[in-house]
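The structure presented is a predicted model; accordingly, all values stated were derived computationally and were not measured. Note that ligands are numbered from 1 as they come in the structure, with each ligand's atoms numbered from 1 the same way.
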Amino acid sequence: MDLGIAGKTALVCGASKGLGYGCAEALVREGVNVVIVARGAEVLEAAAKKLAEVAGGSGNPFVKHVAADITTEAGRAAVFALGHDFDIVVTNAGGPPPGDFRNWDREAWIKAVDANMLTPIELIKATVDGMAKRGYGRIVNITSSSVKSPIDILGLSNGARSGLTGFVAGVARTSVAAQGVTINNLLPGAFDTDRLKGTMAGSAQKSGQDFDTVWEARKKTIPAKRFGTPAEFGAICAFLCSMQAGYMTGQNILADGGAYPGTY
Ligand SMILES: NC(=O)c1ccc[n+]([C@@H]2O[C@H](COP(=O)([O-])OP(=O)(O)OC[C@H]3O[C@@H](n4cnc5c(N)ncnc54)[C@H](OP(=O)(O)O)[C@@H]3O)[C@@H](O)[C@H]2O)c1
């Protein structure tokens, strides 16, 4: 299916690897120009090179990269200094650390809220009116299945991302829906990325089991009996950015291999 978005320009955050990279690659395959962002310059550069190859190496679509912390004002300013009018924005940054809420002080909460709620809101604020003026825009926030089904050790994520979810539910409907702009949240369950490997390594250490045992046991808890791939996640993201998805807004789309047990 031609998604009808060739020639559009996308900002994809947290895109040197994992789910963000999967989204960037799927968009490039559709002929979308991309600006990718992550903090670590070396991995980001390698990702940009790989994407340029996917793009066919002609510079059309273009692939640019900005090594920056997207959760800071300076990081966002570096991205907007490129001067692009973004048609598509994929918001994403690392998830907050696991732990027990009894040990989190105000600073820990502010950090989580900054990264997983206020940063996407700032990015929406900076781009949504331009999108509305041009009559097309797509914002996809990478959140988490924890928004629908909280994960006990990820209280910082449960809380901060729920704040974003409530905000998006309002802004998607009230301010820009009539101008061709959609804002949706894409909720990953368990996907095979470094983040998941890190979490599983932590669980293995805590329980005294080896990594492979914990990894395989976790898979068995998912109805699909496997982890998702960044490419699968990216394909859903690209569809949400398509012309065909113009009537879908303010939604929370779960991609979790059937793990969420509810009917609705
Ligand atoms: N994978 C899963 O199973 C899963 C499940 C539920 C939710 N999630 C959430 O989905 C998001 C993506 O996860 P992932 O699995 O793709 O993680 P990942 O493999 O660790 O990749 C994270 C990417 O974001 C970048 N990043 C992190 N913090 C950043 C910042 N402050 N500014 C700019 N870039 C930043 C990282 O590069 P640098 O570190 O170099 O900046 C990297 O490119 C996270 O919020 C995670 O909590 C993932």
Side-chain angles (χ1 to χ4, degrees), residues 11-26 34-48 50-51 65-79 89-99 111-120 122-123 140-151 153-162 164-165 185-203 214-215 218-219 221-222 224 226-234 236-237 252-257 259-260:
L11 166 63
V12 188
C13 305
S16 64
K17 58 183 182 170
L19 303 180
Y21 178 85
C23 294
E25 187 174 311
V34 296
V35 175
I36 59 169
V37 185
R39 293 163 304 179
E42 212 172 297
V43 182
L44 182 68
E45 242 167 71
K50 220 167 119 190
L51 288 174
H65 60 284
V66 179
D69 182 341
I70 199 67
T71 68
T72 65
E73 256 185 62
R76 292 188 290 274
V79 168
V89 175
V90 179
T91 77
N92 179 35
K111 221 172 155 188
V113 169
D114 241 349
N116 298 110
M117 178 182 171
L118 299 181
T119 293
E122 286 295 337
L123 291 168
V140 178
N141 302 301
I142 300 181
T143 65
S144 172
S145 60
S146 71
V147 170
K148 275 183 84 86
S149 181
I151 301 166
I153 55 165
L154 291 178
L156 289 169
S157 169
N158 303 337
R161 295 189 203 273
S162 293
L164 174 66
T165 305
N185 303 317
L186 187 45
L187 285 54
F191 278 79
D192 187 349
T193 66
D194 285 357
R195 159 103 180 157
L196 186 68
K197 288 190 181 103
T199 316
M200 295 286 105
S203 305
V214 173
W215 186 252
R218 177 74 175 86
K219 270 187 204 166
T221 65
I222 303 166
R226 66 176 180 86
F227 298 126
T229 67
E232 287 175 310
F233 191 85
I236 302 169
C237 175
N252 291 287
I253 295 109
L254 193 55
D256 70 349
Y260 176 69

Query raised in the report: atom 43 (O) of ligand 1: which of S16, S145, G22 has the nearest heavy atom?
Result: S16
Query raised in the report: Can you check whether D114's main-chain N or O pairs, donor with acceptor, with T119's side chain at less than 3.5 Å?
Result: yes
Query raised in the report: Which atoms of ligand 1 are found less than 4.0 Å from any heavy atom of D69?
Result: 30 (C), 31 (N), 32 (N)
Report summary line: For T71, the ligand 1 atoms with a heavy-atom partner under 4.0 Å come out as 31 (N)
Query raised in the report: Among protein heavy atoms, which sits nearest to atom 22 (C) of ligand 1, and what does the distance come to when rounded to 0.1 Å?
Result: G14 O, 4.5 Å
Report summary line: Taking only non-hydrogen atoms of G18 and a 4.0 Å limit, the atoms of ligand 1 in range are 16 (O), 19 (O)
Query raised in the report: Any luck finding a side-chain donor-acceptor pair between S157 and S146 under 3.5 Å?
Result: yes
Report task. Using heavy-atom distances, let me know which of I151, T193, N116, L19 sits nearest atom 1 (N) of ligand 1. Result -> T193
Requested in this report: Pick whichever of G228, A255, G94, P188 has a heavy atom sitting closest to atom 6 (C) of ligand 1.
Outcome: P188
Query raised in the report: What protein heavy atom sits nearest atom 17 (O) of ligand 1, and how far away is it?
Result: R195 CB, 3.3 Å
Requested in this report: Kindly state whether the ring of F233 and the ring of F191 have centres lying under 6.0 angstrom apart.
Outcome: yes
Requested in this report: Within a distance under 4.0 Å of any heavy atom of A190, pick out the atoms of ligand 1 and give their elements.
Outcome: 3 (O)
Requested in this report: List the closest protein heavy-atom neighbour of atom 34 (N) of ligand 1: residue, atom name, distance to the nearest 0.1 Å.
Outcome: A38 CA, 3.4 Å
Query raised in the report: Where on N92 is there a heavy atom closer than 4.0 Å to ligand 1, on the side chain, on the backbone, on both, or on neither?
Result: side chain
Requested in this report: Give the residue and atom name of whichever protein heavy atom lies nearest to atom 3 (O) of ligand 1, and the separation in Å to one decimal.
Outcome: F191 N, 2.8 Å
Query - Close approach of A93 to ligand 1, heavy atoms, under 4.0 angstrom - result: yes
Query raised in the report: Which of the atoms of ligand 1 are close to T143, meaning less than 4.0 Å from one of its heavy atoms?
Result: 7 (C), 9 (C)
**Report entry** G189 touching ligand 1 at heavy-atom level, < 4.0 angstrom
**Finding:** yes
Report summary line: Residues I70 and N92: closest non-hydrogen pair is CG2-O, 3.8 Å
Report task. Please determine if I70 has a nitrogen or oxygen closer than 3.5 Å to a nitrogen or oxygen of ligand 1. Result -> yes
Report task. Report, in ascending order of atom number, the atoms of ligand 1 lying under 4.0 Å from any heavy atom of A68. Result -> 32 (N), 33 (C)
Report summary line: min-distance protein heavy atom vs atom 29 (C) of ligand 1 -> R39 NE, 3.5 Å
Query raised in the report: Any non-hydrogen atom of R161 lying under 4.0 Å from ligand 1?
Result: yes
